[in-house]
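One-based numbering along the sequence shown. None of these values were measured; they are calculated from a predicted model.
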Amino acid sequence: MSLKLYFLLAVCLLSPAVLGKDFPTLNILRSKTPPAEQTSAVESLIQRFVGERSKEFKVKVNPDTSSYLDNFQVLSDGKVITIQGTTGVAAARGFYHVLTELFGGHISWSGNRIPLPEPGHFPVIKPGEINVTSPQRFRYYQNVCTASYSFVWWNWTRWEQEIDWMALNGYNLPLAFNGQEGIWQKVYLKMGLTQADLDKHFGGPAFLAWERMGNIRGWGGPLPQSWLSNDLALQKQIIKRMRSFGIIPVLPGFAGHVPSGFSRVFPQAQVSQLSPWGHFDCNLTCTYFLDPMDPLFKTVGKAFIETQAEEYGGTDHIYNADTFNEMTPKSSDPNYLSNVSHGVFEGITAGDPDGIWLMQGWLFLNAFWGQSQMKALLQGVPEGRMIVLDLAAESTPIYSRSSSFYGQPFIWCMLHNFGGNTGMYGKVLDVNEGPFTAMKFKDSTMIGMGITPEGIEQNDVVYNFFNSLTFRDTSLNVTQWFSNYYRNRYGVSNANIDSAWQSLCNTVYSCRDSHSDHDHGVPVRRPSLTLSPDLWYNWRTVGKAWKMILSAADLCGKSDLCRYDLVDVTRQVLEDLSFECYKNLTTAFENKNLDEVKVYGGRLEEIIQDMDNITSSHSKWLLGHWLEASKRKGTNEDEMKLYEYNARNQITLWGPDGNILDYGNKQWGGLLRSYYYSRWVLFTGYLQDLVMNQTKYDQQVFNKMSFQVESSWTFARDQYPTNPTGDTVAISSSLYSKYQQFIEWPAYSRHPFVPRELVRRDSAYSYQQGRDDVE
């Protein structure tokens with residue numbers, strides 16, 4: 001069967017859309033952008049992807065006022081492909097459909113592969129053959145944390161790429177959170193607060209997400225005026241482009257968190273302090289909170305929303321506000337909680353009478369929120385005027401234990417990633433089933449699907465899988481999908497590569513228990529004697545997948561996307577192997593065997609160096625890009641220094657004292673060989689000293705030693721490469737040969753001793769020599 005016929009059959013098998021409860025109040029959330037402008041936006045997108053051949057694609061945007069569901073249709077006479085959509089987003093999704101389903105292309109954060117038939121050789125597609133309607137009205141994108149973990153240093157070039165990605169994948173309801181500090185500055189200064197008040201309140205760029213949610217205040221700041229002005233200007237570009245596609249940007253609303261100086265200006269205001277958060281003391285947390293029942297709440301909310309509308313040329317009527325994200329309200333009384341949510345809602349509608357409140361449902365994972373508390377908060381807002389994000393529904397759905405959020409519409413979301421960690425992880429089986437189970441839930445109020453990762457640009461396969469579901473109302477054949485995935489990604493069909501991806505599907509990407517994707521790998525955690533990484537799979541099976549990919553080394557030599565994945569699987573197996581080595585190290589220490597402590601300590605250090613070797617071989621795995629992007633945001637040396645410190649601290653200590661230590665860890669080339677390697681050298685040396693001196697292990701003593709290394713790194717200004725070093729295939733092949741005996745050693749047997757010839761403890765053996773060895 002030809003690819004075209006196979007695809008058309010799949011389209012025909014799609015059943016009619018499954019819809020839950022209707023909410024007429026949400027009909028206000030429609031694009032105001034004229035169809036001609038949306039058409040032009042999609043035409044420009046197509047040109048960015050296929051250049052001069054964009055002339056072979058014709059776009060039509062024809063809104064359907066009788067339905068709120070997106071629809072696209074594709075026609076072709078063999079020479080020109082016509083894509084018709086009810087919105088620009090729908091038309092863009094139609095183009096994505098053509099590229100990926102008809103032509104076998106691939107689009108992801110790590111790269112694109114866009115094969116086109118020769119001019120005049122497009123398949124003929126008749127009316128009705130490709131006619132796809134979304135089963136839900138919304139596809140939501142972003143977590144409030146994504147703005148800090150991933151977007152913080154982006155310029156317009158990178159934002160343009162991301163908005164294209166949103167449109168191609170059909171996302172019509174993303175957050176638009178840049179620039180809000182610039183809006184707050186305008187509002188608060190008019191109300192009588194001073195710039196000094198704001199400097200104490202606004203966090204640094206890498207920590208703005210948590211200042212916005214009231215978790216912390218001032219940490220990493222103060223924000224320079226250039227940041228406030230430039231980020232506001234960038235936000236205007238972002239919103240304009242989103243709207244051009246018919247995307248509905250979700251703007252921020254007022255959640256009640258105010259600067260400490262608010263009480264000085266308004267001494268009668270009902271302001272209290274929230275509890276500490278994230279191991280910070282009250283110097284940087286215990287945020288000030290204006291009671292939503294205070295009349296001033298509406299005044300502030302109204303001023304903020306009206307100022308936004310003035311700056312952005314109007315509004316799209318939907319606002320995010322998270323009042324108690326990871327914070328405990330002062331009272332569990334249902335009347336109080338109902339009044340709070342009603343007050344927040346009135347703060348929105350005071351500035352926009354048609355406003356819809358969008359709230360992350362993450363707060364409901366806190367044990368504080370019993371049934372009566374949840375119901376009170378949710379029903380304090382008129383039904384259909386609040387949308388709840390079931391933020392991590394693939395692992396901990398809330399809708400099923402809250403009677404579909406007690407009547408409020410919700411969006412089923414896949415959170416997937418915390419902190420932007422880079423470990424291989426996914427719950428594709430749960431994702432494949434979860435949304436469709438939610439659609440069929442009794443009295444379901446589900447109105448959409450979404451992704452809510454704290455950090456992006458990792459695990460492309462998981463997001464591509466999710467994106468394949470959003471215009472369907474039935475689950476996918478996972479085995480077939482994974483086979484199609486690698487073929488589209490690499491442009492070839494290969495039995496060994498297919499076997500490798502099926503192995504990855506059945507191991508790292510099919511977590512079915514309570515494990516989160518926090519990367520608990522040994523290399524990226526502060527050393528101790530009690531580390532226990534979460535492994536829900538047989539890591540040696542992943543090692544076999546590594547071997548199978550290497551067997552197609554010629555392919556990876558031609559495909560950058562294959563090389564990217566080869567880095568990832570090599571890095572993952574080495575991370576898992578490091579745990580085996582770590583267990584032997586701690587056992588050797590318990591047995592007071594100095595020789596084995598030296599050997600296993602040296603092996604662990606060497607594995608981390610080798611992880612750096614492989615990640616340094618690909619541009620998208622380099623620390624240098626993160627640090628250099630932060631410095632480019634600065635307009636002078638002081639700003640560059642501040643931003644680089646923000647960038648370094650967020651991915652390591654996360655706070656002045658390691659308050660949320662290693663939460664945002666990354667396995668990047670440069671970071672592994674410096675920050676993480678230094679900690680483990682310190683640890684293995686500490687263990688050797690304890691054995692030699694017959695001294696008891698003291699974690700607190702080591703923590704203080706480690707903090708000195710960690711803190712010193714965050715304040716350093718040394719540069720890291722932004723260009724890769726070495727050949728990915730050659731390095732990965734050499735590393736597999738080096739570690740093959742350990743990967744293939746029986747899982748039930750502990751290595752009695754790592755062969756000394758594989759451990760380089762000679763002081764003359766440098767890191768660069770280690771890299772030269774594998775190149």
Side-chain angles (χ1 to χ4, degrees), residues 1-11 42-59 72-76 78-83 85 89-125 129-130 132 160-171 245 457 459-472 476 480-494 497-498 501 552 555-556 558-565 620:
M1 183 182 293
S2 70
L3 178 62
K4 177 190 171 183
L5 290 176
Y6 175 85
F7 172 71
L8 294 180
L9 177 60
V11 171
V42 179
E43 290 172 341
S44 296
L45 178 151
I46 293 174
Q47 187 173 35
R48 285 192 288 275
F49 277 83
V50 300
E52 284 297 314
R53 297 201 62 184
S54 62
K55 298 174 183 178
E56 299 168 49
F57 295 85
K58 185 176 181 180
V59 178
F72 67 81
Q73 301 178 47
V74 179
L75 302 170
S76 173
K79 296 181 180 180
V80 174
I81 290 179
T82 299
I83 303 167
V89 172
R93 174 70 183 212
F95 176 63
Y96 176 85
H97 194 94
V98 169
L99 290 183
T100 59
E101 302 292 345
L102 266 63
F103 299 157
H106 175 86
I107 294 172
S108 67
W109 289 312
S110 59
N112 306 324
R113 198 186 71 83
I114 305 176
L116 294 180
E118 290 297 318
H121 288 77
F122 288 150
V124 175
I125 305 171
E129 289 184 340
I130 300 181
V132 180
E160 182 178 53
Q161 295 169 357
E162 193 69 9
I163 297 170
D164 282 350
W165 183 91
M166 294 180 204
L168 288 166
N169 285 287
Y171 289 103
F245 285 114
E457 298 180 309
N459 288 293
D460 285 339
V461 63
V462 176
Y463 296 93
N464 278 56
F465 184 84
F466 184 93
N467 295 340
S468 295
L469 292 169
T470 56
F471 273 72
R472 296 176 57 91
L476 289 158
Q480 184 61 54
W481 188 90
F482 267 75
S483 292
N484 291 339
Y485 173 79
Y486 90 81
R487 292 190 189 109
N488 284 16
R489 189 167 169 90
Y490 305 155
V492 299
S493 178
N494 179 283
I497 296 288
D498 190 87
W501 273 103
L555 165 63
C556 283
K558 301 173 184 177
S559 168
D560 187 66
L561 287 165
C562 185
R563 287 194 296 275
Y564 176 95
D565 294 337
K620 291 188 180 294

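- In terms of the salt bridge (charged side-chain N to carboxylate O under 4.0 Å, His left out) criterion, residue partners of Arg53 (sequence neighbours excluded) are, by chain and number, Glu56.
- Judged by distance alone, the side chain of Ser54 and the main-chain N or O of Gly51 form a donor-acceptor pair under 3.5 Å.
- In this view, Arg489 and Asp460, Asp565 satisfy the salt bridge (charged side-chain N to carboxylate O under 4.0 Å, His left out) rule, not counting sequence neighbours.
- Of all heavy-atom pairs between Ala90 and Gly85, the closest is CB-CA, 4.1 Å.
- Phe49 meets the ring-ring contact (aromatic ring centres under 6.0 Å, His included) test with no other residue; sequence neighbours excluded.
- Contact detail for Asn169 and Trp165: the closest heavy-atom pair is ND2-O, 2.9 Å.
- Interatomic distance, Asn494 CG to Ser483 OG, rounded to the nearest 0.5 Å: 11.5 Å.
- A search for salt bridge (charged side-chain N to carboxylate O under 4.0 Å, His left out) contacts involving Asp560 returns Arg563, not counting sequence neighbours.
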Report task. Kindly indicate, with the supporting measurements, whether the criterion side-chain contact (heavy atoms from CB on, under 4.5 Å) is fulfilled by Val50 and Leu116. Result -> CA-CA 9 Å; Val50 300; Leu116 294 180; 3.8 Å; yes

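- Residues passing the ring-ring contact (aromatic ring centres under 6.0 Å, His included) test with Phe72, sequence neighbours excluded: His97, Phe471.
- Distance check, rounded to the nearest 0.5 Å: CG of Asn464 to CG of Asn459 gives 11.0 Å.
- Remark: Ser468 engages Leu476, Trp481 in a side-chain contact (heavy atoms from CB on, under 4.5 Å) (not counting sequence neighbours).
- When every heavy atom of Pro123 is checked against every heavy atom of Ser76, the shortest pair comes out as O-OG, 2.7 Å.
- When Ile81, Ile130, Ile46 are each tested for a side-chain contact (heavy atoms from CB on, under 4.5 Å) with Val98, only one passes: Ile81.
- Taking CD1 from Ile83 and CD from Glu43, the interatomic distance works out to 10.5 Å, rounded to the nearest 0.5 Å.
- Summarising the geometry, atom CZ belonging to Arg487 is positioned 15.0 Å from atom NE2 belonging to His106; distances are rounded to the nearest 0.5 Å.
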Report task. Tell me, with the steps shown, if Ser108 and Leu561 meet side-chain contact (heavy atoms from CB on, under 4.5 Å). Result -> CA-CA 10 Å; Ser108 67; Leu561 287 165; 4.2 Å; yes

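- When side chains are defined from C-beta on, Tyr486 does not count as touching Val461, because their heavy atoms never get closer than 4.5 Å.
- Phe465 CZ to Asn467 CG: the interatomic distance, rounded to the nearest 0.5 Å, is 11.0 Å.
- In terms of heavy atoms, Arg113 sits closest to Pro115 at O-CD, 3.3 Å.
- Donor-acceptor pairing under 3.5 Å is recorded for the side chains of Trp501 and Tyr490.
- Contact annotation: the side chain of Trp109 never approaches that of Tyr564 to less than 4.5 Å [non-hydrogen atoms, C-beta and beyond].
- Across Asp164 and Phe245, no two heavy atoms sit closer than the pair OD1-CZ, 3.8 Å.
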Requested in this report: Show the numbers, then the answer: is there a side-chain contact (heavy atoms from CB on, under 4.5 Å) between Val492 and Lys558?
Outcome: CA-CA 11 Å; Val492 299; Lys558 301 173 184 177; over 6 Å; no

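- Rounding to the nearest 0.5 Å places CG of Asn484 at 10.0 Å from OG1 of Thr100.
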